[in-house]
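Order of the sequence lines fixes the chain letters, A, B, ..., with proteins taken first and strands second; residue numbering starts at 1 for each chain.
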Amino acid sequence: MSSPPTEGTFRERVLALVARIPPGRVMTYGQLALLAGQPGAARQAGYVMNALMDGDSGLPWQRVINAQGRVSTHKLGFGDLQEGLLRAEGVEFGASGRCDLARWQWWPGGEAHSPPTRLR
DNA sequence: AGTTTGACCTACG
DNA sequence: TCGTAGGCCAAAC
């Protein structure tokens with residue numbers, strides 16, 4: 001029991017996870033790969049996300065960032081769009097464009113795992 | 001089938 | 001803190 005999902009392709013599993021990210025929360029590429037049953041396949045999670053830009057998938061792609069707590073879309077010519085969207089949802093970024101993952105990263109399943117304690 | 005690509009990650013200096 | 005180097009593995013060509 002409690003086995004990792006093994007249904008569908010890696011891409012399907014990643015997209016399913018992205019669709020479940022609540023507003024104002026974020027997940028990392030490595031985290032998506034881990035929960036998709038492929039630890040270490042963080043780059044592929046990013047590859048899947050890049051495919052979303054091809055068309056409107058309706059998924060909250062903006063809530064996926066890297067393990068450093070920063071957005072990775074600024075290199076693609078999207079400017080600060082992703083960071084702006086996340087800020088609009090309440091995610092706070094520091095002066096160096098970084099956010100505290102310990103506070104904003106979301107883990108599916110049970111909220112009893114990593115509670116944000118208090119939002120102050 | 002083999003090669004190349006990447007919205008990455010971790011380690012090191 | 002920033003830049004560089006190597007590793008990682010699914011999907012595209």
Side-chain angles (χ1 to χ4, degrees):
Chain A
M1 313 295 281
S2 316
S3 57
T6 54
E7 298 179 17
T9 65
F10 176 79
R11 173 173 155 294
E12 283 289 325
R13 286 177 262 173
V14 169
L15 294 180
L17 286 167
V18 173
R20 292 169 54 188
I21 306 177
R25 288 300 189 111
V26 296
M27 287 182 79
T28 67
Y29 303 96
Q31 182 187 7
L32 287 173
L34 177 66
L35 297 177
Q38 299 298 335
R43 302 193 70 175
Q44 280 51 263
Y47 182 84
V48 171
M49 297 307 295
N50 188 14
L52 297 182
M53 313 313 287
D54 195 28
D56 184 15
S57 60
L59 294 175
W61 59 270
Q62 59 213 38
R63 293 166 194 159
V64 182
I65 63 178
N66 59 33
Q68 298 177 346
R70 309 185 74 177
V71 300
S72 299
T73 51
H74 52 79
K75 302 192 279 188
L76 301 176
F78 284 87
D80 300 339
L81 173 62
Q82 183 177 12
E83 183 176 333
L85 290 173
L86 287 176
R87 282 186 174 181
E89 294 185 354
V91 180
E92 299 176 3
F93 285 85
S96 54
R98 231 173 65 171
C99 73
D100 187 2
L101 286 179
R103 178 177 176 181
W104 302 107
Q105 186 174 21
W106 177 76
W107 292 85
E111 287 73 11
H113 196 284
S114 61
T117 57
R118 71 198 84 176
L119 294 180
R120 194 118 54 111

Compare side-chain N and O positions of A:T28 against OP1 and OP2 of B:dC8 and report whether any pair is under 4.0 Å apart. no
I want to check one thing: is the phosphate of C:dA10, taken as OP1 and OP2, less than 4.0 Å away from some side-chain N or O of A:Q38? yes
Could you tell me whether the side chain of A:Q105 and the main chain of A:A67 form a donor-acceptor pair under 3.5 Å? no
Can a donor-acceptor pair be found, under 3.5 Å and without considering hydrogens, that links the side chain of A:T28 to the backbone of A:Q31? yes
Options [options], nucleotide nearest the side-chain atoms of [X]:
| X | options | result |
| --- | --- | --- |
| A:W61 | B:dT10, B:dA7, B:dC8 | B:dA7 |
| A:R11 | B:dA7, C:dA11, C:dG7 | C:dA11 |
| A:M53 | B:dC9, B:dA7, C:dC9 | B:dA7 |
| A:F10 | B:dC9, B:dA7, C:dA10 | C:dA10 |

For the pair made of [atom1] in [X] and [atom2] in [N], what is the distance, rounded to whole Å?
| X | N | atom1 | atom2 | result |
| --- | --- | --- | --- | --- |
| A:R13 | C:dA11 | CZ | C1' | 14 Å |
| A:E83 | B:dA7 | CD | C1' | 15 Å |
| A:L15 | B:dA7 | CG | P | 15 Å |
| A:E12 | C:dA10 | CD | P | 16 Å |
| A:N66 | C:dC8 | CG | P | 20 Å |
| A:L17 | C:dA10 | CG | P | 16 Å |
| A:L34 | B:dC9 | CG | C1' | 13 Å |
| A:R43 | C:dA5 | CZ | C1' | 12 Å |

NA contact type, [X], heavy-atom cut-off 4.0 Å: base, sugar-phosphate, or nothing?
| X | result |
| --- | --- |
| A:Y47 | sugar-phosphate |
| A:T9 | sugar-phosphate |
| A:V71 | nothing |

Closest heavy-atom pair, A:R25 versus A:W106, reported as atoms and distance to 0.1 Å, is CB-CB, 3.5 Å
Give the minimum heavy-atom separation between A:R70 and A:I65, together with the two atoms involved. O-CB, 3.4 Å
